[in-house]
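As structure tokens, the structure follows; a few thoughts come after it.
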Amino acid sequence: MRIILLGAPGAGKGTQAQFLTKKYNIPQISTGDMLRAAIKAGTEMGKMAKAAMDAGQLVTDDIIIGLVKDRIAQDDCKNGYLLDGFPRTLPQADAVTNAGIEIDAVIEIDVPDEEIVKRMSGRRAHLASGRTYHIVYNPPKVEGKDDETGEDLVQRDDDKEEVVQDRLKVYHEQTEPLIDYYKAQAAKNPNIKYIRVDGTADIADVEKAIVSELGD
Ligand code: AP5
């Protein structure tokens with residue numbers, strides 16, 4: 001199963017990825033998590049990515065495309081993968097198509113901007129794993145601690161309201177066009193399923209809606 005998750009920042013891609021990767025036994029490839037790990041490790045790529053991420057802007061296509069191609073080539077991706085946060089520009093989507101990387105499903109999680117801004121202020125993240133929680137909608141078992149490791153949860157630097165507004169603007173300008181791009185691909189290719197779900201429903205209902213379309 002090779003899946004692309006599409007959606008605005010905070011639409012719930014990472015949240016649904018946690019369920020889908022377990023259900024279909026595929027790795028999550030989150031470009032955001034990979035970039036945060038590079039920043040933490042202090043690599044050259046991390047240094048380049050940090051300024052763009054802190055400003056709510058995108059990291060350059062060249063860096064991201066190289067990162068994902070290397071990751072997809074690894075052994076654990078042989079039976080599929082879930083792309084979370086990639087592609088998010090037309091050149092990135094073209095790179096996927098031109099590399100002959102086949103996709104089985106594109107899942108669009110639709111959430112209006114007003115709801116996104118509300119959600120981000122309550123998001124808490126376990127940066128090492130990429131697991132995310134929400135203080136009201138998806139609280140951890142112990143306040144401020146990751147369920148699996150017991151380590152501290154933090155608020156991401158780019159979840160401040162002014163940065164979220166910039167991220168939404170970038171989403172509408174550069175990523176939203178991918179909705180039509182993949183709808184057109186699905187219309188031409190019966191092997192690609194385009195699935196759109198209402199991301200404002202409860203987390204468990206969003207999961208059910210996706211699984212009912214994807215099947216077992
Ligand atoms: P990235 O980490 O990918 O961030 P994002 O796409 O902006 O997405 P988020 O992780 O913020 O949100 P999400 O959709 O995963 O939502 P979540 O499940 O956490 O990217 C960060 C940055 O890296 C980018 O800005 C860019 O600079 C760079 N970057 C990454 N990929 C790139 C690429 N391909 N090209 C260039 N640059 C790139 O949910 C959000 C909150 O809502 C949580 O608190 C959650 O608990 C809650 N929630 C989820 N679902 C629901 C629900 N149904 N009801 C109520 N609450 C919910």
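Ligands are counted one by one from 1 in listed order, and the atoms in each one are counted from 1 as well.
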Result block: side-chain N/O donor-acceptor pairs under 3.5 angstrom for residues 48-67, not counting sequence neighbours:
unit_1, atom_1, unit_2, atom_2, d
Lys50, NZ, Asp54, OD2, 2.5
Asp61, OD1, Thr89, OG1, 3.0
Asp61, OD1, Gln92, NE2, 2.9

Quiz item: Taking only residues two or more places apart in sequence or in another chain, which ones pass side chain to side chain contact (heavy atoms under 4.5 Å, CB included) with Asp147?
Solution: Tyr133, Pro140, Lys141

Quiz item: Between Glu114 and Lys118, is there a side-chain N and carboxylate O pair less than 4.0 Å apart?
Solution: no

Quiz item: Around ligand 1, what residues show up once you keep those with a heavy atom under 4.0 Å from it?
Solution: Ala8, Pro9, Gly10, Ala11, Gly12, Lys13, Gly14, Thr15, Thr31, Gly32, Leu35, Arg36, Met53, Gln57, Leu58, Val59, Ile64, Gly85, Phe86, Arg88, Gln92, Arg119, Met120, Arg123, Thr132, Tyr133, His134, Tyr137, Asn138, Arg156, Asp158, Arg167, Gly199, Ala201, Asp202, Ile203, Val206

Quiz item: Which pairs with one or both residues in residues 125-138 pass salt bridge (charged side-chain N to carboxylate O under 4.0 Å, His left out), sequence neighbours excluded?
Solution: Arg131-Asp146, Arg131-Glu148

Exercise. With side-chain hydrogen bond (donor to acceptor under 3.5 Å, both in side chains) as the test, would you mind laying out the steps for Tyr137 and Thr15 before giving the verdict?
Key: CA-CA 11 Å; Tyr137 306 128; Thr15 301; over 6 Å; no

Quiz item: Ion pair present between Asp159 and Arg123, side-chain N to carboxylate O less than 4.0 angstrom?
Solution: yes

